[in-house]
Amino acid sequence: MHQPDTPALSVQALSKSYAEGRNRRTVLQDVSFDVAAGECVALVGRSGSGKSTLLNLLAGIDRPDAGEVRIMGQNVTTMGEPELTLLRRRHIGFIYQFFNLIPTLTVAENLALPLELNAMPAPTRRARITALLAKVGLAGRDGAFPDQLSGGEQQRVAIARAIIHDPALVLADEPTGNLDAQTGHRVLELLAHLFRDEGQTLILVTHSREVSAIADRTFAVDQGRLNADTEALSW
Amino acid sequence: MVSVTGTRTGLPARAAAAIAAVRLPPALLRASRRYLTRHPWQTWLSIVGIALGVAVVIAVDLANESARRGFRLSVEQVAGPATHQIQAAAGGIADATYADLRVAQGLTLATPVIEAPMRIGERSLTLLGLDLIAAAPMRPALFAGATVGGDGADGTALAAALIDLLATPDTLLLSAADADALGVAAGDGVDVQIGGGTRRMRVAAVLPDQGGAGLGGLAVADIATAQEATGSIGAVERIDLMLTDAQAERVAAALPTGLRLTTTAQRTNVLAQMTRAFHTNLTAMSLLAMLVGGFIVYNTMTFAVLQRRPLLGTLRMQGVTRTQLFALVLVEALVLAAVGALLGVLTGIAVGAGLVQLVTRTINDVYFQLSVRSLHLDWLSLAKGVGLGMGVTLLAGLGPALEAARSQPRDVVRRTLVEQRGQRLLPWLAAGGVLVVALGVALIPLSGRSMTWGFVALFFVIVGASLCMPLVVRALAGATTPLFGRLFGSVGRLAARGITASITRSGLAVAALAVAVAATVGVGIMIGSFRVSVSDWLEHTLTSDIYIATDEGGGADNPASLPPGLADRLLALPGVASVSQGRSRLVQTRDGQMRVLALTSSAGPPRGFRFRGDTADDLWQRWRAGELALVSEPYAYRQALAVGDQLELFSAGGWKTFEIGGVFQDYGSDSGTVILPKAVYAATLA
C-alpha cells in the first residue's frame with residue numbers, strides 16, 4: 001500500500017463549514033499540508049479553532065465540503081463507509097481525551113479487540129499484548145477493568161490500544177486534556193517515546209504548548225486556516 | 001468467534017465473505033455479555049417480559065390442548081369405533097327398534113347406548129350402558145385384562161367380566177384410575193348417585209388404563225342396568241353403529257319418522273365448534289401478553305443501545321462494522337430470548353396445571369360435560385410458545401439492532417445528537433400509526449362473525465395506536481411543561497422536558513404501559529358490563545317469587561319431571577297468584593343441538609322476556625297457536641337468524657319448521673334456546 005516517497009498523510013485544500021440555523025459557519029478554509037511517515041505533527045489552537053474538526057476529517061469521521069485527504073496514498077474523502085471502516089481497522093489508531101476504553105473489557109481484552117478485528121492468531125495476540133503492556137508500564141495489570149485504573153493508567157491503555165495493531169497513522173485528540181499536570185507529563189513522555197520506537201506517524205491536537213513540544217512540526221489552526229508560524233498564536 | 005470458517009471448508013467466496021462480515025470477535029461478545037450481567041435489573045426486566053409472554057401463551061395453549069384432548073378421548077371412549085349414531089327426536093329409542101335393526105337390517109356391529117351423569121362420593125363419572133355382547137366385537141380393547149372380583153367365573157377375564165355384568169344387576173366396570181381414586185377394588189360395593197336417587201352397585205371388574213385411551217371417567221354397565229338406573233326401561237338413548245357408506249344410506253332410508261342417522265364425526269364437530277370461540281378468546285388474550293412482553297423487550301434493548309452510544313461510536317472508530325454491531329445486538333436479544341423462553345416454559349407448565357382446571361370447569365358449566373384429570377404436556381404447544389417468544393424478541397430487537405448499526409464514529413464525541421433522528425421520525429411514525437389504526441377500524445366491520453379477524457383488526461388498532469404514542473406524549477409533555485414548572489418548579493420542568501428529550505425511550509415505555517392498561521381496563525369493562533347485563537337480565541327475567549325444580553338427573557336429553565298435578569296444587573294454595581310451568585330438554589337442529597323450553601302459564605303470556613329489535617305481529621297470540629317460536633340472541637347471532645326466518649327442529653314426526661317470532665336476550669345458555677308453548681311441544685317434540 002505505502003510507496004516509500006508517498007507522504008503518510010496528505011491534505012489538500014480542505015474546507016469544512018457547519019450550518020447554524022440559516023447561516024453557515026466556516027470552520028476550516030483551504031487547509032493543506034503533508035506529513036511524512038514516522039513524523040509527529042502537532043495541531044494547536046484555541047478552543048473552537050477547528051483543530052478537532054480537522055482531526056475528524058483526517059480520520060474519515062466527517063466529510064469535507066471541499067478538498068481531499070490521502071492516507072498512504074488512498075483518498076479517504078471519496079471512500080464509502082465500508083472502506084473507511086476497514087481503513088480505520090487496519091491503518092488508523094485513535095487516542096481520545098476521555099480514554100473511551102470499553103468498560104466491560106479488561107485491559108488485555110481492550111488491547112485484544114483491535115487484534116481480533118484484524119484476525120491476528122491468538123498466540124501472537126497474547127505475546128503482543130504482554131509486550132506492549134510492559135512498554136507502557138502496566139505489566140501485570142492485564143486483568144484489571146478500566147474502572148479499577150487511575151486516569152493516567154487508563155490513558156496508557158488507550159495509547160497501547162491505539163498502536164497495538166501497528167497502524168500507519170495515529171491520531172490523538174487532547175491526549176492529556178483529562179489528566180492532571182504531573183500525570184499528563186508522564187503520559188506525554190510515554191507517547192513521545194512510543195511513537196519514535198514504533199515508527200508510526202502521529203498527529204496531535206492540543207492547546208498545550210508542552211504537548212506540542214514533542215512534535216517534529218507544529219501547525220497553528222486559527223480562524224479556520226493553518227499557519228506554520230505558531231509564535232503569533234496566543235496560548 | 002461466532003462464525004463458520006470460510007474458505008477452508010470450500011464455501012463460495014461470497015458466502016465466506018458474508019460470514020466474515022458478521023464474525024463477532026470474542027472480545028466483543030465478552031463485552032456484551034458483561035454489559036448484560038452488570039445491568040441485572042435491565043437484563044432481568046427483558047427476560048421477565050419474555051418469560052411472562054411465553055408462560056401465558058404456553059399455559060393457555062396447554063390448558064386448551066388438554067381440554068381438547070380430554071374431549072377427543074371422551075368422544076373416543078364413549079363412541080368407541082362407532083361411525084354412526086341413531087338418535088331420536090324425543091323420548092329415546094324403543095328396544096324393539098334396536099332389535100329390528102339387528103335382525104331385519106342384518107347389522108351386527110350395533111349396540112344400544114345409554115349415557116348418564118353419575119357420582120360416586122365426590123367423583124363425577126359418566127354411566128355408559130351398552131349391550132355388552134353386541135359391543136364386545138366393537139370394543140375388544142375395552143375388556144382386555146379386566147381384573148375380576150367376587151365369584152369370578154372360569155375362563156378368560158373378558159368372559160368372566162361379561163358374565164358378571166350380564167347376569168348380575170347393578171354391576172359396573174371402573175377404570176383403574178377411578179377405582180384407585182375412589183379407593184375401591186373389584187368386588188366392592190359403591191353408592192351411586194344417579195337419576196335423582198342413590199343406588200347400591202357392585203364393581204364387577206376394574207379395567208387397566210390403556211395409555212391415553214382408557215376408561216377414565218366412565219363406568220360401563222349392561223344396558224339393562226343402565227335402563228333401570230336411569231328410569232328408562234324399554235328405551236335407549238341412542239344406537240351406535242359401525243357402517244359402511246352403503247349401509248348408512250340403506251339404514252337412513254329405512255329409519256322410521258322421528259329417528260335420525262348422524263355420523264360420529266358430525267356430532268363431534270358440533271360439540272367442538274361450541275368451544276372453539278372460547279379457546280380462541282383465551283388464545284387471543286395470551287397473545288396480548290406476548291405483545292406487551294415484546295414492548296418491554298424493545299424498550300429495554302433500545303435503552304441499552306442508547307446507553308452505549310458512545311461505546312458503539314468507539315467500536316466503529318476501531319473498525320467494527322455496522323453489520324457486526326447489528327449482529328451483536330441480535331445475539332444479545334437471542335440470549336435474552338433463550339433464557340426468557342426457558343423460564344417461560346417452566347412457568348407456563350406450572351400455570352397451565354392450574355389453568356386447565358379452570359378451563360375444564362368453564363366448559364362443564366357452559367357447554368358440556370368434560371373430565372380432564374391432568375395437564376397434558378403437548379410438545380407442540382411448548383415449541384409454539386418458545387418459537388413465539390424467540391420470534392417476538394428477535395423482532396423487538398430489530399429496532400435497537402438497526403439503531404446500533406447506525407452508530408457513527410462521531411457519536412464518541414457528539415453526545416447531544418442521540419435523540420435527533422428519533423425526534424425527526426416521530427411525525428412519520430404517527431402517520432404510519434394512523435394508517436394502521438384506520439386499517440384496523442376498517443377491518444372490524446369486515447370481520448363479520450369471525451373472531452379471528454376481529455382480533456386481527458384489534459391488533460392493528462393496538463399497534464397503530466402505539467406508533468402514535470410517542471408523538472402524543474411529546475405534545476402532551478411539551479404542553480404541560482409550564483404547568484409542571486408552576487407546580488414543582490425546576491424539578492417539574494426538568495421532568496417534563498426529560499420526557500421530550502428522551503422520547504424514543506419514554507414514548508415507547510408509555511405505549512407499552514398504555515397497551516397493558518388498555519387491555520386491563522378493556523377486559524375489566526367488558527367483564528363489568530357483562531356482569532351488569534347479566535344482573536339486569538336476571539332481574540328482568542326472574543319475575544317469579546319461588547322457583548321449584550327437580551334434582552339433576554335423567555340426562556340433558558330427557559331430564560326428570562316434577563310430580564304430575566303439582567302445579568294445580570300449588571295454584572290452589574292461598575297467596576299464590578299464578579303458576580308457570582316449564583320443561584327443557586335438548587333438541588336437534590340442522591346445525592347441532594339447542595335447548596327447547598316449553599312454557600305454560602296460568603296467567604297470560606310468559607313474562608320476563610326482553611326482545612332484541614322488533615317482534616312479529618300478534619306475537620303471543622300466534623305463539624300460543626304454535627305458529628311462532630322464540631329463539632335466544634346467542635343462537636340467532638351465530639346462525640344469522642332474524643324475525644321471520646325459519647327454524648327446523650327434529651321431532652318424533654320428522655323435521656318441524658317454526659317461524660321465528662322474536663329474538664330474546666339470554667345469558668343462560670351459549671348453545672341457544674327456543675321457547676315453545678307447552679302444548680305445541682307436547683304435540684310435536686315430546
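Owing to the predicted nature of the structure, the values given are computational and were not obtained by experimental measurement. So you know, we letter chains A, B, ... as the sequences are listed, proteins then strands, and number each from 1.
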query: Is there side-chain contact between A/Met120 and A/Arg126, with at least one heavy-atom pair below 4.5 Å?
result: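 Result no, sub-4.5 Å side-chain heavy-atom pair not found.
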Heavy-atom check, side chain of B/Leu311 versus side chain of A/Pro103, under 4.5 Å: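 B/Leu311 reaches A/Pro103 side chain to side chain.
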query: Which atoms of B/Arg38 come close to chain A, meaning under 4.5 Å heavy atom to heavy atom: side chain ones, backbone ones, both, or neither?
result: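 Answer is side chain: those atoms of B/Arg38 sit under 4.5 Å from chain A.
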Side chain, backbone, both or neither of [X] within contact of chain B (heavy atoms, under 4.5 Å):
X        : answer
A/Thr106 : both
A/Phe99  : neither
A/Arg90  : neither
A/Leu113 : both
A/Glu81  : side chain

task: Check the pair A/Thr85 / B/Arg316 against side chain to side chain donor-acceptor pair (under 3.5 Å), numbers first and verdict last.
output: CA-CA 7 Å; A/Thr85 302; B/Arg316 292 282 287 122; 3.2 Å; yes
task: Using a strict cut-off of less than 4.0 Å between a Lys/Arg side-chain nitrogen and an Asp/Glu carboxylate oxygen, indicate whether B/Glu332 and B/Arg308 qualify as a salt bridge.
output: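 Here B/Glu332 pairs with B/Arg308 in a salt bridge, since their nearest N and O are under 4.0 Å apart.
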- request: Please determine, among A/Leu105, A/Asn110, A/Asn118, A/Leu101, the option with the most heavy-atom pairs under 4.5 Å with chain B.
  value: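 Option with the greatest count: A/Leu105.
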message: Shorter than 4.5 Å, heavy atoms on both sides: which option in B/Leu28, B/Thr323, B/Val320 has the most such pairs with chain A?
response: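 Among the listed options, the one with the most contacts to chain A is B/Val320.
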Any donor-acceptor pair under 3.5 Å from A/Asp173 side chain to A/Val205 backbone: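 Side chain of A/Asp173 to backbone of A/Val205, a donor-acceptor pair under 3.5 Å: no, none is there.
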- request: Ignoring hydrogens and angles, tell me if any N or O in the side chain of A/Arg63 forms a donor-acceptor pair with the backbone of A/Thr77 under 3.5 Å.
  value: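 Confirmed, A/Arg63 side chain pairs with A/Thr77 backbone.
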